[in-house]
Amino acid sequence: MSDARVELDRPRCEGHGMCEDAAPELFRLDDDGVLEVLAERVAPGLVLKAENAVRLCPVAALRLTR
Amino acid sequence: MKDVVIVGAALAGVTAAGTLRAEGYDGSITVVGDEGVGAYARPPLSKGVLAGRDAPESVVLPALPEDVSVRHGVRAVGLDARARRVLLDDGGALRFDGLVIASGSRARRLADDGRPGQHVLRTLHDCLTLRSSLAGRPTVLIAGAGFLGLEIAATCRELGLEVAVVDREPPLRRALGRTLGDFVADAARDNGVEVVVAHSDSELIVDDRVRGLRTAHGRELRADVVITAIGDLPNVEWLDGSPLATRGPLRVDDRCRIDDAIVAAGDVCAVGGAARTPHWHSAIGQAQTAARALLHGDAAAPLPHVPYVWTEGHGLEVKLCGTLQPGVEPVVVEGSLEDRSALLQWLAPDGEPLAAASVNHRMPLARLRRMARPAPAASGPP
């Protein structure tokens, strides 16, 4: 199991959905446009995808910690 | 391919690097960026960071992995296309098999002579300079009533400052159409912004420093702080002397290619014969497309782009997907503009969707995007 975890700074999130496009396994905007982090702990096969996704948030609301 | 060089370390450059790795490329990647800091989120620069609500460090994006070599503070100054080398300002050169040009753009100015007192807002450095200028409670004048100009105006109002914006045409008509553009402009006026439509270019009033703007009709507008927010210019000058030299944007095909070994992405380029779309979301799609085209050539998918832009301020949060056509006005699908919460859709004369916008109306972006393009031949439920 990878130790990578997604951290969301929720007050910053504006619901632009770029993370959802990049890693739909990990992020989803719900019916109200509120971001859900689907798996806070990132499976090893998804770490690269998660890294790429957190790097394109237009408000820098996402981090990957390990 | 075993050596990829990426010129530009902002969003497009780092997204290209990340995409190359995600696509399984395991050769070397070298990213050069002249800014001296890593990629950062630009949208908050006109809002939270300028207002002092957000710390400057808070916009810095997570760094690239260690198997990507990033050289900050180094500028590309030339391209030797035949020898496939990028020349650097420190005298060095980087040889490449594949090159991603993501050198971005810079703020356009009304006068380029470096006279003090003309602010722009493009980089984190610009933002911090402007922020300190706003600390003394100055009056503010903004040339350009586009998204950026009106967002800066909103932040000035938040700080309790007196602010005017000047533009040649009514604000945001081109970006948002008449109905929505005028709605946002009215919200800015209601928020205390003086909106001046000059109907032609204005010029700077300059003595030892920039003092204000003079419209073509001779009206003089003066303020303690003058900001130009009149768009951006692609950074292409470093390509002078190479076969890619151009005075306009770098023109690339629908896979973001110049040739098999050179691709471009982000604010520097114009894709597939269309105009440049210097926006955050465009840079991501272009960088992903460019990286895949570099690796897979014609087998890579063309840019699948539905443009997406947004703006915030004066009590409004507006998100727009798609491309407007002149003269086409939206229908209200949900809510109403009077109630300041609405979902709008623009339809072509033949009924095909062109664009959709949410105004203070939270919803999944995917739904907004579906409303902004023709339905595929066989589609699931909306």
Side-chain angles (χ1 to χ4, degrees), chain A, chain B residues 11-24 38-45 47-49 53-65 67-68 279-281 283-285 287-288 291 304 306 308-312 317 319 321 358 360-369:
Chain A
M1 196 66 200
S2 110
D3 293 326
R5 283 169 184 274
V6 173
E7 257 179 38
L8 165 64
D9 184 349
R10 190 163 288 284
R12 287 185 87 100
C13 177
E14 296 177 356
H16 297 297
M18 317 249 167
C19 53
E20 182 186 35
D21 282 351
E25 301 88 341
L26 296 171
F27 303 101
R28 195 180 86 90
L29 289 175
D30 72 12
D31 289 347
D32 298 319
V34 175
L35 184 65
E36 285 178 78
V37 179
L38 300 176
E40 278 182 26
R41 198 137 182 202
V42 181
L46 286 174
V47 171
L48 196 56
K49 227 173 176 182
E51 283 179 345
N52 284 346
V54 302
R55 224 180 283 120
L56 41 77
C57 175
V59 291
L62 293 168
R63 306 272 166 214
L64 204 62
T65 58
R66 38 192 103 218
Chain B
L11 178 67
V14 300
T15 302
T19 305
L20 287 169
R21 286 289 183 246
E23 293 287 318
Y40 51 85
R42 245 182 251 285
L45 299 187
K47 304 167 200 144
V49 184
R53 269 184 281 113
D54 295 341
E57 315 80 70
S58 72
V59 297
V60 176
L61 293 166
L64 283 164
D67 61 357
V68 175
H279 305 294
W280 190 264
H281 184 246
I284 294 170
Q288 291 167 339
V306 179
Y308 170 57
V309 295
W310 70 91
T311 186
E312 215 190 310
E317 184 187 86
K319 296 174 174 175
C321 285
S358 64
N360 291 353
H361 196 83
R362 280 294 185 99
M363 58 191 279
L365 242 289
R367 184 177 164 220
L368 196 64
R369 211 176 293 149

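The chains referred to below are lettered A, B, ... by the order of the sequence lines, with proteins before strands, and numbering in each begins at 1.
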Task: Top contributor to chain B contacts, counting heavy-atom pairs under 4.5 Å, from A:His16, A:Glu14, A:Arg12 - done: A:His16
Task: Minimum heavy-atom distance between A:Val54 and B:Leu61, given as atom pair plus value - done: O-CD2, 4.2 Å
Open item on the list: Under 4.5 Å from any heavy atom of chain A, what part of B:Arg369 do you find: side chain, backbone, both or neither?
Closed with: side chain
Open item on the list: Which one wins on heavy-atom pair count under 4.5 Å against chain A: B:Pro65, B:Pro62, B:Ala41?
Closed with: B:Pro62
Indicate every side-chain donor-acceptor pair of residues 57-66 of chain A with a distance under 3.5 Å to a residue at least two apart or in another chain.
unit_1: A:Arg63; atom_1: NH1; unit_2: B:Val60; atom_2: O; d: 3.0
unit_1: A:Arg63; atom_1: NH2; unit_2: B:Val60; atom_2: O; d: 3.1
unit_1: A:Arg66; atom_1: NH2; unit_2: A:Glu51; atom_2: OE2; d: 2.9

Open item on the list: Would you say CD of A:Glu36 has more than 12 non-hydrogen atoms from neighbouring residues, nucleotides or ligands within 6.0 angstrom?
Closed with: yes
Task: Single hit among B:Leu64, B:Thr15, B:Ile284 for side-chain contact (heavy atoms from CB on, under 4.5 Å) with A:Arg55 - done: B:Leu64
Open item on the list: For B:Ala283, which atoms come within 4.5 Å of any heavy atom of chain A: side chain, backbone, both, or neither?
Closed with: neither
Task: Side chain / backbone / both / neither for A:Asp21 at chain B, heavy atoms under 4.5 Å - done: side chain
Task: For chain A, the option from B:Pro43, B:Ser58, B:Pro44, B:Ala22 that forms the most heavy-atom pairs under 4.5 Å - done: B:Ser58
TODO: Decide yes or no on side chain to side chain contact (heavy atoms under 4.5 Å, CB included) for A:Leu56 and B:Gln288, but give the supporting numbers first.
DONE: CA-CA 11 Å; A:Leu56 41 77; B:Gln288 291 167 339; 4.3 Å; yes
- [ ] Pick one of side chain, backbone, both or neither for A:Asn52, based on which atoms fall under 4.5 Å of a heavy atom in chain B.
- [x] side chain
- [ ] Please round to the nearest 0.5 Å and tell me the distance separating atom CG of A:Leu29 and atom CZ of B:Arg362.
- [x] 8.5 Å
TODO: Hey, could you give me the NE2/CG distance between B:His361 and A:Asp32, rounded to the nearest 0.5 Å?
DONE: 9.5 Å
Open item on the list: With chain A as the partner, which of B:Ala366, B:Gly18, B:Ser358 has the greatest number of non-hydrogen pairs under 4.5 Å?
Closed with: B:Gly18
Task: Contacts of type side-chain hydrogen bond (donor to acceptor under 3.5 Å, both in side chains), residue B:Asp54, not counting sequence neighbours - done: none
Task: Under 4.5 Å from any heavy atom of chain A - which part of B:Tyr40 - done: neither
